[in-house]
Amino acid sequence: MKYDVVVVGGGPAGSVTARFAAEAGAKVLIVDRRPEIGIPVLCGEGISQRIDGWGMLEGTDWIASKMDGAKIFSPDDTLVTLSKEMAGNETGYVVYRDRFDKELARQAGKAGAKLLLRTEAVGLKKKGGKITGVEVRQDNDSFCIDADIVVAADGVESQIGKWAGIKTTLKPSDLETCFQYTLSNVDYESDYCEFYLGKNRAPGGYIWSFPKGNGMFNVGIGILASLSTPGLPKKLIDQFIQKHPIYKNGTPVRVLSGAVPVAKPIETVVDNLLLVGDSARHSDPITGGGLTTSLEGGKIAGEIIGQAVDKQQFNKEILQPYETGWKKTFGQKLLRNYLVKEIMLDFDDKTLNMLADSLKNYKFEEFSTLSLVKALVLKHPTLLMKLKPLMKLSEKKGK
Ligand SMILES: Cc1cc2nc3c(=O)[nH]c(=O)nc-3n(C[C@H](O)[C@H](O)[C@H](O)COP(=O)(O)OP(=O)(O)OC[C@H]3O[C@@H](n4cnc5c(N)ncnc54)[C@H](O)[C@@H]3O)c2cc1C
């Protein structure tokens, strides 16, 4: 088998990379070890409505509900609200992640990319030190797929980057361990995503509740691995649900556990191999959300790969504009939010309550984490002093 590009992983980052590379004329193959794209769902399923302008998904059957904003509850339940008035419209979607991923894979297929399921990459194929493809296992068969370019889109547990010599190991303080229930029969109508903070509730993370409509809610928790112990995420989310006047009566119809990188982004291009999405540690260090950056980064990667295939040049120099591109688009935001995460970790519950109290009637200029961080820097310049230089840069870029 010989392709221009082999993409390992058919999640959002892999499918979008494959689509844009194929649209640019490359012969692309995606391999995924799962038997079905998007299954099992390992996600809170919240995404910003910014994706509407990107034209990457057709139809609406992947949308479960539209959000009007976010409600953030401090440890003593002081409420800070970011609402749709700031965005001028709805602010986000809760999606059906299985359908979302399938729609992105469908778009990749429509552009000409091929997809092999139940096919696991087990190593890189090299010749004279140069990567020439991937070794895969499918059922009881092992074979090689030759490719000029290899894309690591293999998610949080990525091995491909490691095989190529990139330091991808995550420190426990750069990884959130998560547990989530999808509850049905919840007697509550809401168009707001809710976030609950507090060292006792979710050390180094938060509890979320994302409404899917029709009495369904994703209620989950993320805890920093360095502050967690085996079983703690489940124990704390169970406690939260049991004590909650509304969620305690819900019927769980899905349960999942998983992990999200909350790390600094890493090197993403080595010779003729590049990393996208969670494997590139592109998820937001504050929220753990990685869907928008998987889409944005995947598009940049696909377009640059298309140019490389067109020129028949497959080296670091020709692929490096991918790294320059994502750094320009969202790299500053990831670095800033990593710093915010580090600063926030030192805040005790009393400080979080004080911060929430100072923002409870604040008129945010827009619906974004930047707007929230800006308000905090304005109100508490000494507490968040380290952020000031970064804020100026990101304000210029409007991120
Ligand atoms: C509990 C939880 C809640 C989350 N909630 C949100 C949220 O609400 N909003 C948000 O934006 N983000 C959320 N995220 C993060 C989001 O899910 C990820 O950022 C996103 O899935 C990254 O996409 P990806 O394509 O990089 O990786 P993935 O979606 O993980 O896809 C990787 C693919 O690679 C395949 N694969 C892996 N290794 C191999 C191999 N060796 N061979 C072949 N195939 C392989 C896997 O089967 C998988 O299909 C959440 C994550 C978790 C765990």
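For clarity, every value in this text was computed on a predicted model and none was experimentally measured. As the structure lists them, so they are numbered: ligands from 1, and atoms in each ligand from 1. Heavy atoms only: backbone and side chains are in, while hydrogens, waters and symmetry mates are out.
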[X] and ligand 1 - part of the residue with a heavy-atom distance under 4.0 Å:
X	answer
Ala259	backbone
Val8	side chain
Phe210	side chain
Ser15	neither
Val260	side chain

Practice prompt. Scan side-chain atoms only and decide if Glu103 and Gln107 contain a donor-acceptor pair under the 3.5 Å cut-off.
Written response: yes

Ligand 1 and [X], any nitrogen or oxygen pair closer than 3.5 angstrom?
X	result
Trp208	no
Ser279	no
Asp32	yes
Val156	no

Below 4.0 Å from any atom of ligand 1, is there a heavy atom belonging to [X]?
X	result
Ile47	no
Leu256	yes
Glu157	no
Thr119	yes
Gln180	no

Discussion item. Name the residue from Trp208, Tyr206, Tyr196 that meets the ring pair (Phe, Tyr, Trp, His ring centres under 6.0 Å) definition with Phe240.
Written reply: Tyr196

Discussion item. Taking side-chain contact (heavy atoms from CB on, under 4.5 Å) as the definition, give me every residue that meets it alongside Lys199, ordered by chain and number, with sequence neighbours left out.
Written reply: Asp349

Worksheet, complete the sentence: Sorted by chain and number, sequence neighbours left out, side-chain contact (heavy atoms from CB on, under 4.5 Å) with Ser48 holds for Arg50, Thr292

Worksheet item: Which option out of Val276, Leu42, Val122, Asp278 puts a heavy atom nearest to atom 50 (C) of ligand 1?
Response: Leu42

